[in-house]
Amino acid sequence: MTVRQYQKKEALLKVSNVSLRYDCLVLRDISFEIDDIIREGVTQGQIVSLIGRSGIGKTCLFRILAGLIKPTTGTVLIDHDQHPVRAGDVGVVYQNYILFNHRTIYDNLRISLERSQTPPGGSIDAVIKEYAAEFSLTEHLKKYPQQLSGGQRQRVSIIQQVLNGNRFVLLDEPFSGLDAIMVDKVKQLLVKIANMHEDNTFVIVSHNIDHSLAISDSAFIIAKEEGKEGAVVKESINLIDMGFAWDPDVIRQQEFIDFCASIKDKI
Ligand SMILES: Nc1ncnc2c1ncn2[C@@H]1O[C@H](COP(=O)(O)OP(=O)(O)OP(=O)(O)O)[C@@H](O)[C@H]1O
Ligand SMILES: [Mg+2]
């Protein structure tokens, strides 16, 4: 366990008193903030997890954070200028991922890279081939999305969103439907891209506690309070102060495993 030096500067995303009501109350008075993490000598992005059980309201909150639906009450402000979030401000990897179905996998990735303000080094063709090889997609580049398996489409969708240069990327259940090796690769990819720019902020919405927390610097537990309607932020976790953040091997540490088990009891 290593406790690291860092500072938190201004808010990059601020959720205030968000509630959402359909037939019944889904979300109740959700507030949290994601701050810019500053570490001397390191380009440090932010990875934050929103953890909660199936049906608790994670995807609803995801849609609100992405500006896709309006909350019944409350606000979501993003970026250094703290403007209200609008659809299109953030990259989104949906639980049911969407690709351009009439374009090949190669073209889906090419379009994202061409739009990127901060493409990874190398020619677009070289970057596509590098990522395709890394994520076992090389032989599928000429195919169309409907010709891929669910897990293959999901990998393309994740690569597409993280490479398109959006500073904010929301990922809804990014680990579901992937095998263990691909889960590790996706985690490594998220950490690598998050740390390519100081403002990069990835928000993972998931019920997979271990994998999400292993790459996060902070997390919020979304759960219901006994006898009350609507999910709330039941707990905020600072994984940096706990010594779990920024450690690629944390998932194998007993202390971390025990901590994840204790979270399971709370959701
Ligand atoms: N458009 C809608 N109209 C009415 N109720 C809805 C609507 N969308 C979601 N809900 C309800 O809100 C609750 C939360 O749904 P949500 O999809 O956010 O859950 P989740 O936490 O993402 O679950 P999972 O982990 O299974 O994906 C559910 O009870 C769902 O039925
Ligand atoms: Mg969901």
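One-based numbering, in listed order, for ligands and for the atoms of each. Computed over heavy atoms, backbone and side chain alike; hydrogens, waters and symmetry mates excluded.
- In the displayed structure, Lys264 atom NZ is contacted under 6.0 Å by more than 12 heavy atoms of other residues, nucleotides or ligands.
- Protein N/O/S atoms nearer than 2.8 Å to the Mg ion (ligand 2) total 2.
- Within 6.0 Å of CD in Gln254 there are more than 12 heavy atoms belonging to other residues, nucleotides or ligands.
- Pocket lining of ligand 1, defined as residues with a non-hydrogen atom under 4.0 Å away: Tyr22, Val26, Arg53, Ser54, Gly55, Ile56, Gly57, Lys58, Thr59, Cys60, Gln95, Glu173, His207.
- Judged purely by distance below 3.5 Å, without hydrogens or angles, the side chains of Thr73 and Ser19 pair a donor atom with an acceptor atom.
- Within 6.0 Å of the CG atom in Asp265, the count of heavy atoms belonging to other residues, nucleotides or ligands exceeds 12.
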Please tabulate, one pair per line, all N/O donor-acceptor pairs under 3.5 Å involving side-chain atoms of residues 56-65, not counting sequence neighbours.
residue, atom, partner, partner atom, Å
Lys58, NZ, Gly52, O, 3.1
Lys58, NZ, Arg53, O, 2.9
Thr59, OG1, Gln95, OE1, 3.0
Thr59, OG1, Asp172, OD2, 2.8

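- In this model, a donor atom of one side chain and an acceptor atom of the other lie less than 3.5 Å apart for Asn195 and Gln44.
- Between Lys266 and Glu235 there is a salt bridge, with a side-chain nitrogen of the basic residue lying less than 4.0 Å from a carboxylate oxygen of the acidic one.
- Not a single side-chain hydrogen bond (donor to acceptor under 3.5 Å, both in side chains) links Glu130 to another residue, sequence neighbours left out.
- Phe100 and His102 have perpendicular rings, their planes meeting at more than 60° on a 0 to 90° scale where under 30° would count as parallel.
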